[in-house]
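Note sheet for the following structure.
Since the structure is predicted, the reported quantities are computational estimates derived from the model, not experimental observations.
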Amino acid sequence: MAVLEVIGLTKMFGQLRALDGIDLTVRAGTFHGLIGPNGSGKSTLLKTIAGAHAPTSGTIRFDGKDITAALPFARARAGLGLTFQITSIFPELSTYDNVLLALQSRESLPSLLGSRTRRTLDREVMAALDRFRLADRADDLAGELSHGQQQWLEITLALTRRPKLLLLDEPTGGMSPEERRVTGELLRPIRSHCTLVIVEHDIDFIKNLCDQLTVLDQGRVLDEGSVEQIEHSTRVQEVYTSRV
């Protein structure tokens with residue numbers, strides 16, 4: 001079953017055609033990678049799916065519903081999440097309080113006014129931090145975390161909203177090789193309840209994590225298929241490997 005369908009998606013910035021008739025289908029319960037040379041439209045595609053950019057033409061269907069004209073907050077409420085390489089954490093708050101605030105955003109106003117949520121959510125906060133190896137940094141300011149740990153916190157915050165589909169834009173950008181390896185290990189278990197679409201430049205990372213790959217070039221789909229199919233694609237070898 002498809003959780004995301006993109007049909008004929010085009011995005012113009014003035015005279016620049018950033019996306020040119022993109023078709024993309026993402027099956028529920030899979031990890032789907034988007035790769036391609038710099039400027040091929042990967043991040044623009046994610047932002048358009050999430051609602052940060054309005055498409056010039058085309059259709060976006062999420063969980064069976066047309067969300068082409070939906071506002072970003074409506075897409076988020078429907079279960080669509082997005083994280084960027086530049087994190088949007090609260091650096092002056094503790095790691096714990098970052099997650100607590102994300103969880104509290106799901107609570108009712110009476111619960112928040114009654115100050116009951118911190119105590120009742122403590123176990124869920126710590127479980128979320130432990131899932132991404134941040135429990136021992138719970139009391140530290142989020143701004144004091146390493147770059148890789150801040151990325152893990154960003155993903156943790158996105159997952160607290162229980163998305164059906166999470167879009168990750170270069171989640172390992174700026175990470176050390178060991179942090180990239182650990183990130184793959186931490187993401188694999190969420191497959192049971194969350195579909196991923198991942199933009200990445202680290203080919204080894206994405207090959208080891210994803211079920212399907214879509215290769216973009218100059219705003220168009222160059223090729224798509226399994227990791228093995230893409231590795232043996234002559235079109236990808238001719239265009240992608242020479243320009244990444």
Just do the side chain to side chain contact (heavy atoms under 4.5 Å, CB included) check on T183 and Q151 with the steps written out, would you? CA-CA 9 Å; T183 299; Q151 287 285 4; over 6 Å; no
Heavy-atom distance under 4.5 Å between the side chains of Q212 and T30, does that happen here? no
Below 4.5 Å, heavy atoms only, C-beta onward: do L134 and Q149 meet side chain to side chain? yes
Just grab all the ring-ring contact (aromatic ring centres under 6.0 Å, His included) pairs involving residues 33-64, residues at least two apart or on different chains. F13-H53
Between CG of D136 and CG of D140, what distance do you get to the nearest 0.5 Å? 8.0 Å
Is a side-chain N or O of D169 found less than 3.5 angstrom from the main chain of T83, in a donor-acceptor match? no
Which of these passes side chain to side chain contact (heavy atoms under 4.5 Å, CB included) with L187: L166, L159, I155, V182? I155
Given side chain to side chain donor-acceptor pair (under 3.5 Å), test T172 with D202 step by step and report yes or no. CA-CA 8 Å; T172 68; D202 186 332; 4.7 Å; no
Has the side chain of R180 got a donor or acceptor atom that lies under 3.5 Å from a matching backbone atom of M175? yes
My understanding is that only one of I206, I198, V236 makes a side chain to side chain contact (heavy atoms under 4.5 Å, CB included) with L213; could you say which? I206
Treat each ILVMFWY residue as a node, draw an edge where side-chain heavy atoms are under 4.5 Å apart, and state whether L186 and I89 are in one component. yes
Atom pair OG1/CG of T48 and L167 - distance to nearest 0.5 Å: 11.0 Å
Just wondering, do L101 and L157 contact through their side chains at under 4.5 Å, heavy atoms? no
Do I190 and V125 share a hydrophobic cluster (ILVMFWY, side-chain heavy atoms under 4.5 Å, transitive)? yes
Value rounded to 0.5 Å, distance of OG1 in T10 from CD1 in I22: 8.0 Å
Looking only at heavy atoms, what is the nearest atom pair of E185 and P189, with distance? O-CD, 3.2 Å
Short question: side chain of T195, backbone of G29 - any donor-acceptor pair under 3.5 Å? yes
Minimum heavy-atom distance G143-Q150, with the two atoms named: O-NE2, 3.5 Å
Nearest heavy atoms of L82 and A50, plus distance in Å: CD2-CB, 3.6 Å
Quick check: are there more than 12 heavy atoms from other residues, nucleotides or ligands sitting under 6.0 Å from CZ of R188? yes
Around atom CG of D139, are there more than 12 heavy atoms of other residues, nucleotides or ligands at under 6.0 Å? no
Using only atom types and a distance under 3.5 Å, with no angle test, would you say the side chain of K42 pairs donor to acceptor with the backbone of V215? no
For the side chain of R161 and the backbone of L80, is there at least one donor-acceptor N/O pair under 3.5 Å apart? no
Kindly give the heavy-atom pair with the smallest separation between G8 and D23, and that separation in Å. N-OD1, 2.6 Å
Considering only heavy atoms from C-beta outward, does the side chain of E170 approach that of H201 to under 4.5 Å? yes
If you count heavy atoms of other groups shown closer than 6.0 angstrom to CZ of R191, is the number above 12? yes
Please tell me if the side chains of E200 and L209 come closer than 4.5 Å, counting only heavy atoms from C-beta onward. no
With salt bridge (charged side-chain N to carboxylate O under 4.0 Å, His left out) as the test, would you mind laying out the steps for R181 and E178 before giving the verdict? CA-CA 5 Å; R181 184 191 66 79; E178 176 61 16; 2.5 Å; yes
Indicate if L141 and Y96 have the same hydrophobic cluster label, given that clusters are the connected sets of ILVMFWY residues with side-chain heavy-atom separations under 4.5 angstrom. no
Judged by atom type as modelled, is there a donor-acceptor pair below 3.5 Å linking the side chain of R75 to the main-chain atoms of I49? yes
Return yes if some donor-acceptor pair links the side-chain N/O of H147 with the main-chain N/O of G173 below 3.5 Å, else return no. yes
Heavy-atom closest contact (A52 atom, P72 atom, distance): N-CG, 4.5 Å
Sub-4.5 Å side-chain heavy-atom contact between F90 and D97: no
Tell me the closest heavy-atom pair linking C194 and P163, and the distance in Å. SG-O, 3.6 Å
Which distance, rounded to the nearest 0.5 Å, do you find between the OG of S226 and the CD of E231? 8.5 Å
Measure the CE-CG distance between M12 and D20 for me, rounded to the nearest 0.5 Å. 8.5 Å
Reported CG-to-OG1 distance for the pair N98 and T156, which is rounded to 0.5 angstrom: 10.0 Å
